[in-house]
Protein chains: 2
Amino acid sequence: MAETPVPPDVMPSLDDFLCFAIYATSHAFTRVYKPLLDPLGLTYPQYLVMVALWERDDQTVGSIGDKLSLESSTLTPLLKRLETANYLRRSRDPDDERQVRVQLSDAGRALRERANAIPNCILAASGMSLGQLQRLQSETMALCRALQASRTG
Amino acid sequence: MAETPVPPDVMPSLDDFLCFAIYATSHAFTRVYKPLLDPLGLTYPQYLVMVALWERDDQTVGSIGDKLSLESSTLTPLLKRLETANYLRRSRDPDDERQVRVQLSDAGRALRERANAIPNCILAASGMSLGQLQRLQSETMALCRALQASRTG
DNA sequence: GCAATTTATATCGCACGCAATCAAATCGCA
DNA sequence: TGCGATTTGATTGCGTGCGATATAAATTGC
C-alpha cells in the first residue's frame, strides 16, 4: 500500500504550501528592490533583463526569454520600454532577419556602476548569511528545474 | 575591517541571484498549476484565495490581503471575478459598513472536493521528498519574514 | 525551384500586482 | 455632541505575464 504523504481528502493550510512561500517571497523581494531600483528608473523584471545583458551583451529576445523563462509577449514591450529609456537598442540581425538583437547602450553599460551596491543591500535585507542564501538558492533552482521537467515529461 | 561577502564592484551572474531563483520558481509553479486549475475555472492567485477561505470562511478583504500580502487594488477585482463565478459572496458588514465580508457559496465549498487531489500532484511535480519540501518551505518563509521586517525597520 | 513547414518576434486580450488617490464609515477626543 | 483623524475598500493607471494568434523570414522537402 503506497504512502500518501498528503492525505488526498485534506486541504492543507495556506501556511503549509511551499508554492505560497515562494509566491509571497517573490513579491517581498520585489517590494525590497523597489526603493533601490526607482532611482535607476528600472522595475524589478527590467533589472533582471539588465543583469542578463551586463553578464552577456548582444543577446536575442529568445535567448533572454530562455534565461528568464519569459515569453516574447512579455519581453517585447518590456524591452521597448528599456529602449525608450535609452538603456539598450533593438535591431534585426542582418544574417537572420527573424531575430532581434538586444544591445546595451552607453547609458545601459554606465548604469551597471550605479547598480553595484544593490546586491549587498539585498543581502543585508535578507537577514541570512551568504552561505545560507547560497544553499537556499541552489535548492530553489533544483526545485525550479524539477517543476520545468515535470511539464515536458 | 568588515567583510564584504559580495564585492561592491562586481555584479554577480543572474544564476547566482536567490531573488531570481525565487522569481523563476514562482512562475514555474504557476505553469504547473495551470492545467490542474483550468478545469476548476481558477487562476493560481484565485486558488490561493480559495485555500485561505477553505481554511477560514467569512473573512474581510483586509484579512485576506494580510494573509496573502496583497493590496485591495489586487484583491477587489479578483474577488469580483470569483463572485461572478459563483464561488463566493461579498457583502458589507452591517456592524461596520467599511468592511466587506467574503463568504464561500455552496459551489465554493463544493469546489474543495475537486481541489483535494492537487497538493499531491504538485508534490509529485516537485520531484522532492516531503521532508525536503517542508524544510525548504520553512527556510523560504523565514526569508520572507526577514524581507518584510527589513522594510518596516 | 517552390510550396510547406518551422522559427523568431510581435500583437491582442485578459488577469494579476501595486502606488496613488478617493469616498465612506468609524473612531476619538475635546 | 461635533468634527478632524483614521480605517477600509474601491478606482485608476501602469507594468508585467501568458495564451492564442499573426506575420515575416528562414529552412525543408520534393
Side-chain angles (χ1 to χ4, degrees), chain A residues 19-20 23-35 37-38 40-50 59-85 87 90-102 148 151, chain B residues 20 23-35 37-38 40-50 59-85 90-102 148 151:
Chain A
C19 63
F20 172 63
Y23 169 89
T25 306
S26 180
H27 294 154
F29 265 123
T30 300
R31 290 188 280 264
V32 170
Y33 268 103
K34 180 162 177 38
L37 293 176
D38 275 348
L40 309 185
L42 292 176
T43 66
Y44 175 63
Q46 288 169 9
Y47 170 71
L48 293 181
V49 168
M50 293 303 291
Q59 296 190 60
T60 66
V61 174
S63 70
I64 297 171
D66 287 343
K67 201 163 283 185
L68 271 62
S69 294
L70 294 176
E71 302 298 317
S72 75
S73 45
T74 300
L75 279 177
T76 295
L78 188 157
L79 291 169
K80 283 183 176 177
R81 280 179 212 108
L82 287 175
E83 188 176 35
T84 299
Y87 286 143
R90 301 179 315 126
S91 55
R92 291 279 166 185
D93 186 330
D95 293 340
D96 185 344
E97 290 276 347
R98 292 172 303 180
Q99 297 183 103
V100 168
R101 305 210 70 88
V102 179
Q148 287 167 347
R151 269 160 45 80
Chain B
F20 172 63
Y23 169 89
T25 306
S26 180
H27 294 154
F29 265 122
T30 301
R31 290 188 278 265
V32 170
Y33 267 104
K34 181 162 176 40
L37 293 176
D38 275 347
L40 309 185
L42 293 176
T43 66
Y44 176 64
Q46 288 170 9
Y47 170 72
L48 293 180
V49 168
M50 294 302 292
Q59 296 190 60
T60 65
V61 174
S63 70
I64 297 172
D66 287 344
K67 201 162 283 186
L68 272 61
S69 294
L70 293 176
E71 303 299 317
S72 74
S73 45
T74 300
L75 279 176
T76 296
L78 187 155
L79 290 168
K80 284 183 176 175
R81 282 187 279 274
L82 286 174
E83 187 176 36
T84 299
R90 300 180 317 127
S91 56
R92 292 277 167 187
D93 187 327
D95 294 337
D96 185 346
E97 289 276 345
R98 292 172 303 179
Q99 297 183 99
V100 167
R101 306 211 66 88
V102 179
Q148 287 167 348
R151 272 161 42 82

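Below, read A as the first sequence line, B as the second, and so on, with proteins coming before strands; counting in each chain starts at 1.
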- Partner of A:L48 under side chain to side chain contact (heavy atoms under 4.5 Å, CB included), chosen from A:I64, A:L42, A:L68, A:L70: A:L68
- Rounded to the nearest 0.5 Å, how far apart are CG of A:L40 and CD of A:Q46? 11.0 Å
- Task: Please report the shortest heavy-atom distance between A:Q148 and A:S69, naming the atom on each side.
- Result: NE2-OG, 3.4 Å
- Message: Counting the atoms with a prime plus P, OP1 and OP2 as sugar-phosphate, which does B:R90 contact under 4.0 Å by heavy atoms, base, sugar-phosphate, or nothing?
- Response: sugar-phosphate
- Judged by nearest nucleotide, the residue sitting upstream toward the 5' end of DNA chain D, A:S69 or A:P94, is A:S69
- Message: Taking any atom closer than 4.0 angstrom to a non-hydrogen atom of chain A, what span of DNA chain C does the protein reach, first nucleotide to last?
- Response: C:dT7 to C:dA19
- Message: Heavy-atom nearest nucleotide on DNA chain D for A:D95 versus A:S73: which residue maps closer to 5'?
- Response: A:S73
- Query: Are the side chains of B:T76 and B:V100 in touch, meaning some heavy atoms are under 4.5 Å apart?
  - Reply: no
- Query: Between A:H27 and A:D96, who's closer to the 5' end of DNA chain C by nearest nucleotide?
  - Reply: A:D96
- Item | Contact summary for A:P45 and A:L78, nearest pair of heavy atoms | CB-CD1, 3.8 Å
- Base, sugar-phosphate, or nothing for A:L70, non-hydrogen atoms under 4.0 angstrom? sugar-phosphate
- Item | B:K34 vs B:Y44 side-chain heavy atoms within contact, under 4.5 Å | no
- Query: Base, sugar-phosphate, or nothing for A:T43, non-hydrogen atoms under 4.0 angstrom?
  - Reply: sugar-phosphate
- Query: Under 4.5 Å between any side-chain heavy atoms of B:Q99 and B:T60, yes or no?
  - Reply: yes
- Query: Going by the angle between their ring planes, with limits at 30° and 60°, are B:F29 and B:Y33 parallel, tilted or perpendicular?
  - Reply: tilted
- Task: Mind checking B:R31 for me? I need base, sugar-phosphate or nothing, with any heavy atom below 4.0 Å counting as a touch.
- Result: sugar-phosphate
- How would you give the extent of chain B contacts on DNA chain D, as first and last nucleotide 5' to 3' within a 4.0 Å heavy-atom cut-off? D:dT7 to D:dG19
- Are A:R90 and A:E83 close enough for a salt bridge, meaning some N to O gap below 4.0 Å? yes
- Message: Classify B:T60 by what it touches in the nucleic acid, base, sugar-phosphate, or nothing, heavy-atom distance under 4.0 Å.
- Response: sugar-phosphate
